[in-house]
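Below is one structure, written out as structure tokens, with a few remarks after it.
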Amino acid sequence: MTRRLLVTAALPYANGPIHIGHLVEYLQTDIWVRFQKLRGNRCLYICADDTHGTAIMIRARGEGRSEIELIEETSEAHQRDFAGFGIEFDHYGSTNSEENRTLCHQIWQSLRDANLVVQRSVEQLYDPEAETFLADRFVRGTCPKCGTPDQAGDNCNCGHTYSPTELIDPVSTLSGATPVIKEAEHLFVELEKLHDFLSEWVSNSGALQPETANYLKGHFLAEELRDWDISRPAPYFGFEIPDAPGNYWYVWFDAPIGYIASTQQWCNANGEDLADWWKSDDCEVHHFIGKDITYFHTLFWPGMLKTAGFSLPTKVHIHGFLNVNGKKMSKSDGTFVKAETFLKHIDPSALRYFYATKLSSRVEDLDLGVEEFVEKVNSDLVGKVVNLASRVGKFASRTGLAPSYPDDGGLFQAAAAKGDEIAAAYEEGEFSKAMRLIMELADAANPFVEHAKPWEMNKDPERQDELRDVCTVALNLFRQLAVYLAPVLPELANKCGDLLGEPITSWEQSQTPLVDRGVNKFQRMMDRVKTEDLEAMMEESKDEAAQETDAAATNPFNDSDQPLKDEPLADEITIDDFMKVDLRVARVLSAEHVPEANKLLKLTLGLGGDETRQVFAGIKAAYDPEKLVGRLVVMVANLKPRKMRFGLSEGMVTAAGPGGEEVFVLGIDDGALPGQRVH
RNA sequence: GGGGCUGUAGCUCAGUUGGUUAGAGCUGGGAACUCAUAAUUCCUAGGUCGCGGGUUCAAGUCCUGCCAGCCCUACCA
């Protein structure tokens, strides 16, 4: 029975080029879609550029042009890159389209009608790091009544209740940042009102991998769902909220709606009805995404769809990240490879196949080992699969295929019988299993040719019929492999079709051998991947990264806007406020690891003379304790001591950066003395 | 600290509801062949199935404890 499937891959952000990390997802999706089409299902592969948000706005301004110009250029580049890897969308749109605007309005109205939107302009603690308002339970601090530290946002063990804004020394439990009191008009979606529905959907719909369902149940659904801050004040590149002038939808509102809008555009162009794809029980909706955006696609998005009466995802396929040689992609290592750069050096089929051998239905990171890549592609594809055709190609173009399929010892039948199992593996997203099964077939096929010795037949005019039979078997076994591999290697399927004069269009072609026809002149189907090519590719990637760094260095005004975006400026203070903070130069007298803490170092800081302070600092990932000893740092010296699980912390070392390994402790120029105050 | 996943030959991985001498591919060693992109074929080497307990007639497979790695989450005053 023919199924109808609407498939999406996440919308790439229109702020940068596609790289090999992105390609995991678009290739995984492309393979799955091609498989569905090969099986005869009606399947649409929908994607679009995600074009809104502050980053696009800032970048366009920096480049002195309009956002529209920027996103159009990026869209072209993205589509060119995808096409280069054989990724075939049925439609590639943009979130900055009239169709999307209309759908946003429509879905917004549904949220309004369902009474899920609230406007708040309360004084509330706001976490500048996490960029979110903090509900009571996400703030802890010292009780204003009894002085007990580390109490909940709304009440203390002493029985006193209060508002979180009354807390002394409040801390965000989300980021650890000090919350600021902020007044703003924001619109919120009260997701909690959909809690029952979401719990039910997460647990029972079958749309999520078990590990994802568990994650959501444990982290979000176990407690009250936070309101979703869905508006951003001007200036913002996006869609203005119709009933809240001066406010724009947060990019994560209109981005997933882009899936529907892009489908709408396809429908318009093809005379189809959107409802058949997004509001029909007969149509499956499949999202492929990375693990980083799980939250948006499994809570907010189903909530929006449900409320607006669209189909819920049949399945959300979540994949992990790409590592290269066991490490995160890195610009300085040359492993941060752009799609465009890859294509200059290596056949995209190689990457398609390699990813296929690595992908499963689970949320696991996958590793591209350079050695493994070369070995696997060469030995599997060139040595086994292509070789099968190559070794009889020359003979076959002379003999053609036999009138009826000869005895092959049951090889073709056995491989045909494997079809269902291979198909099931594709269907479940277990591509690595599918590839393994297919290679088993290839391993069985080559010995047939070996033992038949067609080269001997070739020399004997009496044995030309035998030779033709061997060619018929070898080429049919090859074609069978080409059909099974067609979702992964469409180019190979095309070349096989050309060779035998019948294009590969259906999975069913793997079940019946081709006979009684000519064979075209054999043409080389795939080249071996050379380690030198990979090395050259990574060299070039390294150079590109270096050039970007140079460009940034020669242009001091080209600093990224990311840090400010991550942590917006705090509210204005007076000089008196500033003077309350006593910053002092201090020398690191000792530094040691705290065994139980993952991120903390225990420091003893000297302020001159015998004056010392013990301070815990979250810089373990970035600094070696030994190398800190003797250094001068700047500390907050009059901070109220704070009892931590590991001991008392009597101050704070100043540092910048987002955290982890990216932490940079403030130093001071030579000449400063421990104990001196920073004014 | 909490949650999850993984740990099987040098490498990448299979091992179905527990059942005879634990498998494949690649790599290594030896040989054959020459149709093929130094491809292929045959033979061969190589594993206390992370470690320790337990259940069982029988455990890589189930239970439990520990160890290691990865991911998520928290601490980062």
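Note that these values count all heavy atoms, side chains included, but never hydrogens, waters or copies made by symmetry. Proteins get letters first, then strands, A, B, ... in listed order; numbering begins at 1 in each.
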**Between B/G23 and B/A45 - P atom distance, rounded Å** = 12 Å

**Out of B/C35, B/C13, B/C42, whichever nucleotide has its closest atom nearest the side chain of A/His451** = B/C42

**Item:** Selected nucleotide, minimal atom distance to A/Asn387 side chain, candidates B/A36, B/C76, B/C42
**Value:** B/A36

**Message:** What's the gap between B/G46 and B/G52 when it is taken at their P atoms, as a whole Å value?
**Reply:** 23 Å

**Request:** Rounded to the nearest angstrom, tell me the gap between atom CE in A/Met652 and atom P in B/C76.
**Result:** 10 Å

**Prompt:** For the pair made of CG in A/Asn323 and C1' in B/C70, what is the distance, rounded to whole Å?
**Reply:** 9 Å

**Message:** Checking contacts here: which listed nucleotide (B/C26, B/C35, B/C76) is nearest the side-chain heavy atoms of A/Leu600?
**Reply:** B/C76

**Asked** Would you say B/A39 has OP1 or OP2 under 4.0 Å from some side-chain N or O of A/Arg528?
**Response** yes

**Message:** Please name the nucleotide paired to B/G47 by Watson-Crick or G-U wobble geometry with both distances under 3.5 Å, or report none.
**Reply:** none

**Spacing between A/Lys521 atom NZ and B/A36 atom C1', to the nearest angstrom** = 14 Å

**Message:** Let me spell it out: for each of A/Tyr215 and A/Val382, pick the nucleotide of RNA chain B with the closest heavy atom. Which residue's pick is nearer the 5' end?
**Reply:** A/Val382

**Message:** Less than 3.5 Å apart, any donor N or O on the side chain of A/His319 or A/Glu25 sitting next to an acceptor on the other?
**Reply:** yes

**Interatomic distance, A/Arg524 CZ vs B/A36 C1' [rounded to whole Å]** = 10 Å

**Item:** Rounded C1' spacing from B/A31 to B/G69 in Å
**Value:** 41 Å

**Prompt:** If you measure from the P atom in B/U16 to the same atom in B/U6, how many Å do you get, rounded?
**Reply:** 13 Å

**Request:** Take A/Thr335 and A/Lys327 through the test side-chain contact (heavy atoms from CB on, under 4.5 Å) and record every step on the way to the result.
**Result:** CA-CA 9 Å; A/Thr335 53; A/Lys327 293 191 297 184; over 6 Å; no

**Complete:** Regarding the side chain of A/Lys291, the nearest nucleotide among B/C42, B/C71, B/A36 is B/C71

**Asked** Could you state the CE-C1' distance from A/Met435 to B/A14, rounded to the nearest angstrom?
**Response** 15 Å

**Item:** Candidates B/C72, B/G4, B/U41 - which lies nearest the side chain of A/Glu211
**Value:** B/G4

**Asked** Roughly, in whole Å, what's the span from CG in A/Leu605 to C1' in B/A77?
**Response** 13 Å

**Message:** Just the rounded figure in Å: distance from P of B/G25 to NZ of A/Lys433.
**Reply:** 19 Å

**Message:** With a 3.5 Å limit on both atom pairs, tell me what B/C11 is paired to, counting Watson-Crick and G-U wobble, or say none.
**Reply:** B/G25

**Message:** What's the gap between B/G1 and B/A9 when it is taken at their P atoms, as a whole Å value?
**Reply:** 29 Å

**Prompt:** Does A/Gly326 offer a backbone N or O that forms a donor-acceptor pair with the side chain of A/Asp367 under 3.5 Å?
**Reply:** yes

**Asked** What does A/Gly383 touch in the nucleic acid at a heavy-atom separation under 4.0 angstrom: a base, only the sugar-phosphate, or nothing?
**Response** sugar-phosphate

**Item:** Counter-base of B/G19, judged by Watson-Crick or G-U geometry with both distances under 3.5 Å
**Value:** B/C57

**Prompt:** Just how far is it from atom CE of A/Met526 to atom OG of A/Ser390, taken to the nearest 0.5 Å?
**Reply:** 12.5 Å

**Item:** Euclidean distance, atom CZ of residue A/Phe431 to atom P of B/C13 [Å, nearest integer]
**Value:** 17 Å

**Message:** Ring of A/Phe522, cation from A/Lys394 - is the NZ or CZ under 6.0 Å from the centre and inside 45° of the axis?
**Reply:** no

**Message:** Students often get this wrong, so: under 4.0 angstrom with heavy atoms, is A/Lys384 touching a base, only sugar-phosphate, or nothing?
**Reply:** sugar-phosphate

**Sole candidate of A/Trp301, A/Tyr215, A/Trp252, A/Phe220 that passes ring-ring contact (aromatic ring centres under 6.0 Å, His included) when paired with A/Tyr295** = A/Phe220

**Prompt:** According to the Watson-Crick and G-U wobble definitions, with both distances under 3.5 Å, which nucleotide is paired to B/A32?
**Reply:** B/U40

**Message:** Nearest to the side chain of A/Val386, heavy atoms from C-beta on, is which of B/U37, B/G25, B/C71?
**Reply:** B/U37

**Atom P, compared across B/U41 and B/C5: separation rounded to whole Å** = 39 Å

**Asked** For atom P, what is the distance between B/U56 and B/G18, given to the nearest Å?
**Response** 16 Å

**Asked** If you check every side-chain atom of A/His219, which of B/C72, B/U41, B/C35 has the closest atom?
**Response** B/C72

**Complete:** Using Watson-Crick geometry (N1-N3 plus N6-O4 or O6-N4) or G-U wobble (N1-O2, O6-N3), each under 3.5 Å, B/C70 is paired with B/G4

**Complete:** Between A/Asn446 and A/Glu372, whichever has its closest RNA chain B nucleotide further toward 5' is A/Glu372

**Fill in**
Closest of B/U12, B/U37, B/A77 to the A/Lys376 side chain is B/U12

**Message:** Taking any heavy-atom pair under 4.0 Å as a contact, classify A/Asn378: base, sugar-phosphate, or nothing.
**Reply:** nothing

**Donor-acceptor pair between A/Asn638 and A/Arg584 side chains, under 3.5 angstrom** = no

**Message:** Consider side chain to side chain contact (heavy atoms under 4.5 Å, CB included). Of A/Lys453, A/Arg398, A/Arg463, which one does A/Asn458 pass it with?
**Reply:** A/Arg398

**Request:** When you get a sec, tell me which of B/C26, B/U41, B/C35 is the closest nucleotide to the side chain of A/Ser379?
**Result:** B/C26

**Request:** Compare side-chain N and O positions of A/Arg391 against OP1 and OP2 of B/U37 and report whether any pair is under 4.0 Å apart.
**Result:** no

**Item:** Atom C1', compared across B/C49 and B/C62: separation rounded to whole Å
**Value:** 16 Å

**Message:** Using the side-chain heavy atoms of A/Glu450, tell me which of these nucleotides is nearest: B/U41, B/C71, B/U34.
**Reply:** B/U41

